[in-house]
Asks: 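Sharing a structure with you now.
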Amino acid sequence: MKIREARVIVTCPGRNLVTLKIVTDEGLYGIGDATLNGRELAVVAYLEEHVIPALIGRDAHRIEDIWQYLYRGAYWRRGPVTMTAIAAVDLALWDIKAKAANMPLYQLLGGKSREQVMVYGHATGKDIESCLDEVARHVELGYKAVRVQCGIPGIPTTYGVAKREGERYEPADSDLPAEHVWDTAKYLKYVPKLFAAVRERFGDDLHILHDVHHRLTPIEAGRLGKSVEEFNLFWLEDCTPAENQEGFRLIRQHTTTPLAVGEVFNSIHDCRELIQEQLIDYIRATLVHAGGITHVRRIADLAALYHVRTGFHGATDLSPVCMGAALHFDTWVPNFGIQEHMPHEERIDEVFPHAYRFEDGHFTPGEAPGHGVDIDEDLAARYPYKRASLPVNRLVDGTLWHW
Ligand SMILES: O=C(O)[C@@H](O)[C@@H](O)[C@H](O)[C@H](O)CO
Ligand SMILES: [Mg+2]
């Protein structure tokens with residue numbers, strides 16, 4: 001079965017999403033997510049200029065060989081743009097192979113390891129009270145796990161909180177980067193109060209997660225983790241920038257609060273020491289940014305040797321294609337932890353019809369052959385690309401900081 005054509009579809013039904021469609025000479029096609037928030041057209045250029053021309057005529061069944069061709073053959077290896085482009089090809093080829101086998105993708109990976117996939121939702125609010133109301137709404141919907149983020153008094157904009165009450169949170173919210181201000185001292189003093197309030201109102205069984213979003217130094221992260229141990233968090237995410245993998249040794253010396261990291265990782269080399277030294281508890285690198293199923297399952301297998309579980313990134317800037325494929329992976333992977341789920345807006349769900357379903361705090365991937373997600377190209381064409389950038393962050397004194 002040969003690859004006859006491949007094309008990139010860019011659409012913006014509320015936010016930019018990039019999809020690669022690969023069509024074979026037997027009429028089967030597969031699609032892959034190629035969305036890199038704020039850098040979408042860089043991936044489009046990489047795919048159209050350097051990948052697609054080299055795919056035409058290749059055997060669509062040779063997923064591994066094509067992966068190695070695109071990775072080892074690139075010379076300039078790794079990086080978010082390269083690995084997102086490779087991921088898009090990989091997801092599309094796994095979609096085709098599962099369709100050719102007439103089975104849902106999880107079957108091709110090795111079958112079910114669980115009946116359903118536990119997800120966590122996002123409860124955010126401008127203050128603790130409004131965040132608690134959002135937690136209540138999620139509990140009502142059946143979520144067993146909720147990520148909590150709230151505004152911090154004295155800091156004008158905080159990660160994860162929508163600009164206006166009731167609005168969806170979308171970080172890529174301006175043509176060029178918006179400038180945010182950050183104050184670590186205010187944050188460290190205030191955020192434990194949020195967890196205390198959630199435990200007070202919702203008890204001990206609800207899984208609470210929190211995303212620090214790269215903003216602390218390792219010792220500050222150790223201090224935060226220790227100060228919130230009594231609240232028994234499911235995880236503290238991205239508590240410090242993880243290029244410095246050894247920084248996590250310092251954090252581990254001070255706290256048993258579980259640590260999650262890796263949504264910005266794009267290869268096994270970004271997390272090898274973190275996993276082998278058991279410096280983290282959950283690895284978040286997901287299919288669209290870490291080279292697709294072929295590479296992420298190698299990360300998951302390494303993680304399994306060291307009691308590290310998966311906790312895939314699942315924000316709305318990852319398309320339903322990534323979500324669908326991730327749910328099949330989550331259904332199979334033995335060392336599954338949890339799956340992030342931010343519901344896409346209706347327009348996006350219309351452009352990307354899908355088989356996955358939410359029920360009582362869990363997802364099932366569906367039984368459709370492949371990853372179960374499609375794209376309505378006519379509808380997609382109605383939403384033209386519009387540049388949108390992620391913010392930058394500065395400390396109060398103007399120092400450029402981690403967003
Ligand atoms: O854990 C998360 O979902 C966040 O870190 C994301 O919202 C992240 O900020 C965006 O995906 C960046 O595009
Ligand atoms: Mg995050």
Side-chain angles (χ1 to χ4, degrees), residues 114-153 155 158-162 164-169 186-213 215-216 221 223-239 255-261 263 280-282 284 309-316 323 327 330 336-344 357-364:
R114 57 198 55 78
E115 288 312 313
Q116 50 187 11
V117 170
M118 181 167 78
V119 292
Y120 70 89
H122 285 198
T124 69
K126 64 181 180 355
D127 52 34
I128 288 180
E129 266 323 295
S130 43
C131 180
L132 293 180
D133 292 343
E134 271 296 284
V135 174
R137 188 174 66 81
H138 280 80
V139 169
E140 268 301 297
L141 289 169
Y143 282 90
K144 308 296 182 273
V146 185
R147 190 190 82 169
V148 295
Q149 310 286 143
C150 76
I152 307 288
I155 303 184
T158 305
Y159 162 70
V161 181
R164 278 169 287 279
E165 195 79 4
E167 264 190 14
R168 299 172 64 82
Y169 171 66
K186 287 188 169 67
Y187 168 78
L188 287 175
K189 224 182 304 171
Y190 193 77
V191 78
K193 296 183 179 122
L194 169 62
F195 307 142
V198 177
R199 281 289 176 238
E200 167 73 25
R201 182 160 158 190
F202 298 97
D204 296 336
D205 295 340
L206 180 68
H207 294 307
I208 303 176
L209 302 86
H210 180 70
D211 192 345
V212 185
H213 219 265
R215 304 204 172 167
L216 303 179
R223 177 180 146 198
L224 176 63
K226 192 155 76 176
S227 72
V228 298
E229 280 177 2
E230 62 178 303
F231 305 120
N232 188 25
L233 298 185
F234 185 92
W235 81 32
L236 210 48
E237 174 186 341
D238 280 338
C239 54
T255 181
T256 58
T257 293
L259 303 176
V261 79
E263 68 181 55
I280 57 173
D281 303 277
Y282 297 92
R284 286 185 40 76
R309 286 171 280 182
T310 63
F312 282 166
H313 186 202
T316 42
M323 190 70 198
L327 289 168
D330 294 336
F336 170 74
I338 197 166
Q339 168 68 51
E340 178 177 9
H341 174 242
M342 279 177 81
H344 289 102
R357 292 286 175 269
F358 176 82
E359 192 184 340
D360 193 29
H362 295 73
F363 264 91
T364 47

Asks: Which class fits the ring pair His341 and Phe358: parallel under 30°, tilted 30 to 60°, perpendicular over 60°?
Replies: parallel
Asks: May I ask you to test the Ile128-Lys193 pair for a side-chain heavy-atom distance under 4.5 Å?
Replies: yes
Asks: Check Arg284 with Asp238, please: is the shortest side-chain N to carboxylate O separation under 4.0 Å?
Replies: no
Asks: Should we count CZ of Arg199 as having more than 12 external heavy atoms under 6.0 Å?
Replies: yes
Asks: Please check: side-chain N/O of Thr257 versus main-chain N/O of Gly225, any donor-acceptor pairing under 3.5 Å?
Replies: yes
Asks: Do NZ/NE/NH1/NH2 and the carboxylate oxygens of Asp133 and Arg201 come within less than 4.0 Å?
Replies: yes
Asks: Taking the side chain as everything from C-beta on, heavy atoms only, tell me whether Asn232 gets closer than 4.5 Å to Asp204.
Replies: no
Asks: May I ask you to decide whether Arg147 forms a salt bridge with Asp211, counting only side-chain N to carboxylate O separations under 4.0 Å?
Replies: yes
Asks: Can you check whether Met118 reaches His207 side chain to side chain, under 4.5 Å on heavy atoms?
Replies: yes
Asks: Can you classify the ring geometry of His210 versus Tyr187 as parallel (below 30°), tilted (30 to 60°) or perpendicular (above 60°)?
Replies: parallel
Asks: Check whether any side-chain N or O of Thr158 sits under 3.5 Å from a backbone N or O of Gly151 as a donor-acceptor pair, and report yes or no.
Replies: no
Asks: Determine yes or no for a side-chain-to-main-chain donor-acceptor pair under 3.5 angstrom, with Glu340 supplying the side chain and Tyr120 the backbone.
Replies: no
Asks: Does Tyr169 have its ring centroid less than 6.0 Å away from the ring centroid of Tyr159?
Replies: yes
Asks: Restricting to non-hydrogen atoms, name the atom on Leu206 and the atom on Tyr143 that form the minimum distance, rounded to 0.1 Å.
Replies: CD1-O, 4.1 Å
Asks: Taking side chain as C-beta onward, heavy atoms only, is Leu233 less than 4.5 Å from Phe195?
Replies: yes
Asks: Is the shortest distance from a Lys or Arg side-chain nitrogen in Glu134 or Arg137 to a carboxylate oxygen in the other one below 4.0 Å?
Replies: yes
